[in-house]
Amino acid sequence: INAEYMGDVFPKIDLVVVGAVAVSETGIRIGKGEGFAELEYAIAREKGAIDDSTLVICTVHDDQVRDIPFTVLQEHDVPVDYIITPTRIIATNTTIPKPKGIYWDLLSQEKIDQIPILQELRKLKFNTNGNSPPTNSNPAPKRRQDRLQTSNSKTTSGKRWVQKDPSSNI
């Protein structure tokens, strides 16, 4: 994705393919740690090119499919719908919600300064509605369990994610 797609016409994306260091059969993906796949997803989401129905797949070797604890999930992480290995196609049936767009409060000014499309999207978002852009010199990503709960905190194997009840103190 680059700044040339900043116009009103942004192509609809039917399928997102992401890489991974490891992935769980419940859809949790661990990348290389820089968040670029999540950022590309978020940019496309902001522009309306993808939505919750857009399939996210990951290609890995069989030994990269692991049990991964849900505690590693961060607010901006993109779950995968399908895992493709040399021997299997795994439908994760994940119920982990996909990010709704860019989490500006998690981005440092340095990161925004390095990526021109982020600069443009930030101007569009915050100059049109009168809000001040968030600033964060040292973002600490929010953990996804702040928004979600599962019945087993050790691993996600066989467990389903559920939305937290806002009135609950859990």
Single-linkage hydrophobic cluster Ile30~Ile84, side-chain heavy atoms < 4.5 angstrom: no

Shortest non-hydrogen separation from Arg29 to Gly31 and the atoms involved: NH2-CA, 3.7 Å

From Val80, Val23, Ile28, Thr26, residue fulfilling side-chain contact (heavy atoms from CB on, under 4.5 Å) relative to Thr92: Val80

Any side-chain heavy-atom pair of Leu121 and Lys47 under 4.5 Å: yes

Closest non-hydrogen atom pair, Gln109 against Arg122: OE1-NH1, 2.8 Å

Heavy-atom check, side chain of Asp14 versus side chain of Leu55, under 4.5 Å: no

Pro99: which of Val78, Asp77, Asp52 passes side-chain contact (heavy atoms from CB on, under 4.5 Å): Val78

Over all atoms of both residues, closest heavy-atom pair of His61 and Pro86: CA-CD, 3.9 Å

Beyond-backbone contact of Val18 with Tyr41, side-chain heavy atoms, under 4.5 angstrom: no

Straight-line distance of Gln119 CD to Asp113 CG, nearest 0.5 Å: 6.0 Å

Distance-minimising heavy-atom pair for Lys12 and Ala49: CD-O, 3.5 Å

Same apolar cluster: Leu107 and Ile115, side chain cutoff 4.5 Å: yes

Atom pair CH2 (Trp104) and CD (Glu46), whose distance is rounded to the nearest 0.5 Å: 6.5 Å

Smallest separation among heavy atoms of Ile96 and Thr94, with atom names: N-OG1, 3.1 Å

ILVMFWY cluster, Val60 and Val17 together (side-chain gap under 4.5 Å): no

Side-chain (Lys98) to main-chain (Thr54) donor-acceptor, under 3.5 angstrom: yes

Side chain proximity check, Leu15 to Tyr82, heavy atoms < 4.5 angstrom: no

pair Thr59-Gln64: side-chain heavy atoms closer than 4.5 Å: no

Atom pair CG/CD1 of Asp51 and Ile13 - distance to nearest 0.5 Å: 10.5 Å

Test item: Asp81 side-chain N/O and Ile57 main-chain N/O as donor-acceptor pair under 3.5 Å: no

Minimum-distance pair of heavy atoms, taken over all atoms of His76 and Leu106: ND1-CD1, 3.8 Å

Pairs flagged by salt bridge (Lys or Arg N to Asp or Glu O under 4.0 Å) wherever residues 16-28 is involved - sequence neighbours left out: Glu25-Arg88

